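Following: one structure in structure tokens, then a few remarks.
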Amino acid sequence: MSEVKALVFDVFGTVVDWRSGVAREFAAFLPGIGRPDLDPFALADAWRKLYQPGMEECRSGRRPFTRLDVLHRESLEKVLAAHNVTGASEGDLDHLNRAWHRLDPWPDVLLGLTRMKRKYFLAPLSNGNIALLANMAKRAGLPWDAVLGAEPVQAYKPQPEAYLRTAELLALKPSEVCLVAAHNGDLRAARKAGLATAFVPRPTEHGQGQTIDLSAEDPWDWVGTDFVDLAARMGCR
């Protein structure tokens with residue numbers, strides 16, 4: 001294996017706690033439209049459930065590549081309609097849709113990334129678009145060296161182009177790039193494309209009853225308990 005020079009990161013679930021952040025935004029939104037009866041976490045889960053189907057329209061070629069902010073907005077409108085939520089202004093919907101720009105990192109992330117940055121080039125390899133990822137990083141203090149992801153490579157994971165074009169943008173061989181993710185499926189696709197792999201579990205990404213991705217399911221190149229532990233295992237102090 002070539003020496004790894006860049007670490008690229010899955011973001012939703014791996015770097016940031018999307019479920020708590022989106023639920024927090026719903027909790028602030030619902031009383032203003034007279035629907036405090038709805039469960040913010042259930043709405044967050046319903047919104048996320050439409051994430052993969054929306055991207056699959058683009059991956060399959062049935063739809064041209066469309067940035068995630070647009071897909072999120074379409075999915076949000078479906079979720080609200082399914083729960084008979086009406087009366088929100090266009091501005092309120094735009095603000096709620098940008099909930100994904102305002103997610104908080106897991107507690108270990110900032111220290112872990114800061115240590116990894118001393119040795120490696122760091123960038124997101126997320127399905128998020130550039131504005132979303134840049135706004136998230138600015139708010140949360142994520143120390144990326146560049147903001148990459150689906151939009152610059154015009155492909156959604158787990159399409160091989162998402163991984164291969166990211167390596168090309170960095171002028172690196174795939175084997176010189178390591179994907180860090182909390183999702184075994186993402187890592188399998190990255191490994192198939194030739195990238196190195198690192199797993200960190202996020203056992204409450206989907207709430208307390210989570211049953212998937214609780215541990216490393218394959219012999220990944222590195223496995224850490226969190227980002228700080230992973231940094232140490234990768235020689236970053």
Side-chain angles (χ1 to χ4, degrees), residues 1-19 48 51-52 55-56 59 105-128 142 144-146 148-150 153 155-237:
M1 184 175 70
S2 301
E3 181 182 357
V4 168
K5 298 177 180 178
L7 305 182
V8 294
F9 294 78
D10 172 71
V11 172
F12 300 121
T14 301
V15 174
V16 295
D17 177 4
W18 63 264
R19 188 172 187 263
R48 181 67 172 183
Y51 174 68
Q52 290 294 342
M55 291 186 296
E56 185 57 30
R59 287 191 290 244
W106 298 104
D108 54 280
V109 163
L110 295 182
L111 178 57
L113 288 179
T114 298
R115 290 180 178 177
M116 293 178 207
K117 187 180 173 79
R118 295 170 186 163
K119 183 176 180 181
Y120 298 102
F121 185 99
L122 306 184
L125 201 179
S126 168
N127 287 327
L142 302 172
W144 303 131
D145 292 303
L148 304 178
V153 300
Y156 280 122
K157 296 185 298 179
Q159 288 177 287
E161 294 85 358
Y163 310 97
L164 294 172
R165 291 174 186 165
T166 296
E168 288 175 13
L169 286 175
L170 296 173
L172 295 174
K173 301 173 185 175
S175 60
E176 295 175 322
V177 179
C178 177
L179 176 69
V180 180
H183 310 122
N184 287 280
D186 196 358
L187 292 173
R188 288 187 190 106
R191 173 172 280 177
K192 190 173 182 180
L195 274 66
T197 53
F199 178 84
V200 172
R202 297 300 186 192
T204 60
E205 175 188 353
H206 298 280
Q208 294 299 325
Q210 183 168 319
T211 59
I212 60 172
D213 291 319
L214 297 176
S215 62
E217 296 171 2
D218 291 5
W220 307 122
D221 297 304
W222 289 275
V223 176
T225 56
D226 60 19
F227 275 22
V228 176
D229 179 55
L230 181 65
R233 291 175 185 274
M234 299 187 83
C236 310
R237 300 289 179 178

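The shown structure was predicted, so the numbers you read here are calculated from the model rather than taken from an experiment. Below, each value reflects all heavy atoms present in this structure, side chains not excepted, and no hydrogens, waters or symmetry copies.
In this structure, the side-chain contact (heavy atoms from CB on, under 4.5 Å) partners of A231, at least two apart in sequence or on a different chain, are R115, M116, C236. Applying the side-chain hydrogen bond (donor to acceptor under 3.5 Å, both in side chains) criterion to Q210, with sequence neighbours excluded, gives no partner residue. Legend: residues meeting salt bridge (Lys or Arg N to Asp or Glu O under 4.0 Å) with R19, ordered by chain and number and at least two apart, are D45. Applying the side-chain hydrogen bond (donor to acceptor under 3.5 Å, both in side chains) test to N127 and every residue at least two apart in sequence or in another chain returns Y51. Here E168 pairs with nothing under the salt bridge (Lys or Arg N to Asp or Glu O under 4.0 Å) rule; sequence neighbours left out. Applying the side-chain contact (heavy atoms from CB on, under 4.5 Å) criterion to P107, with sequence neighbours excluded, gives no partner residue. By the side-chain contact (heavy atoms from CB on, under 4.5 Å) test, T204 pairs with W106, Q208, sequence neighbours left out. Partners of D145 according to the salt bridge (Lys or Arg N to Asp or Glu O under 4.0 Å) rule, which considers only residues two or more places apart in sequence or in another chain, are K117. Residues passing the ring pair (Phe, Tyr, Trp, His ring centres under 6.0 Å) test with F9, sequence neighbours excluded: W144, F227. In this view, K192 satisfies the salt bridge (Lys or Arg N to Asp or Glu O under 4.0 Å) rule with no residue, not counting sequence neighbours.
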(request) Tell me, with the steps shown, if W222 and L7 meet side chain to side chain contact (heavy atoms under 4.5 Å, CB included). (result) CA-CA 12 Å; W222 289 275; L7 305 182; 5.9 Å; no
(request) Before giving the answer on side chain to side chain contact (heavy atoms under 4.5 Å, CB included), spell out for Y120 and C178 the whole-Å C-alpha distance, their side-chain angles and the decisive distance to 0.1 Å. (result) CA-CA 10 Å; Y120 298 102; C178 177; over 6 Å; no
(request) Applying side chain to side chain contact (heavy atoms under 4.5 Å, CB included), run through I212 and H183 and close with a yes or a no. (result) CA-CA 9 Å; I212 60 172; H183 310 122; over 6 Å; no
(message) Pair L172, K5 - check side chain to side chain contact (heavy atoms under 4.5 Å, CB included), show working.
(response) CA-CA 8 Å; L172 295 174; K5 298 177 180 178; 3.8 Å; yes
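The stretch residues 199-214 participates, sequence neighbours left out, in these salt bridge (charged side-chain N to carboxylate O under 4.0 Å, His left out) pairs: D108-R202. Among residue pairs with one or both ends in residues 223-237, those qualifying as salt bridge (charged side-chain N to carboxylate O under 4.0 Å, His left out) are D229-R233; sequence neighbours excluded.
A pairwise comparison of heavy atoms in A196 and D221 identifies CA-OD2, 3.3 Å as the closest pair. Residues L164 and P174 approach most closely at CD2-CG, 3.8 Å, considering heavy atoms. In plain terms, the two heavy atoms of F121 and A146 that are nearest each other are CZ-CB, 3.7 Å. Considering all non-hydrogen atoms of both residues, A6 and L170 come closest at CB-CD1, 4.0 Å. Of all heavy-atom pairs spanning V153 and L169, the tightest one is CG1-CD1, 3.7 Å. For the pair S126 and F12, the tightest heavy-atom approach, listed with the atom from each and the gap, is OG-CE1, 3.9 Å.
To the nearest 0.5 Å, the span separating OG1 on T197 from CG on L179 amounts to 8.0 Å. Separation of atoms CD (Q159) and CZ (R59) is listed at 6.5 Å; rounding is to 0.5 Å. Note that CG of L122 and CG of L142 are 10.5 Å apart. Values are rounded to the nearest 0.5 Å. Taken from CZ in R188 to CZ in R191, the straight-line distance is 9.5 Å, to the nearest 0.5 Å. Taking OH from Y156 and CD from E56, the interatomic distance works out to 12.0 Å, rounded to the nearest 0.5 Å. One finds the CG atom of L125 at 7.0 Å from the CG atom of L148 (value rounded to the nearest 0.5 Å).
The shortest distance between side-chain heavy atoms of D186 and K157 falls below 4.5 Å.
In this structure, S175 contributes its side chain and L195 its backbone to no donor-acceptor pair below 3.5 Å.
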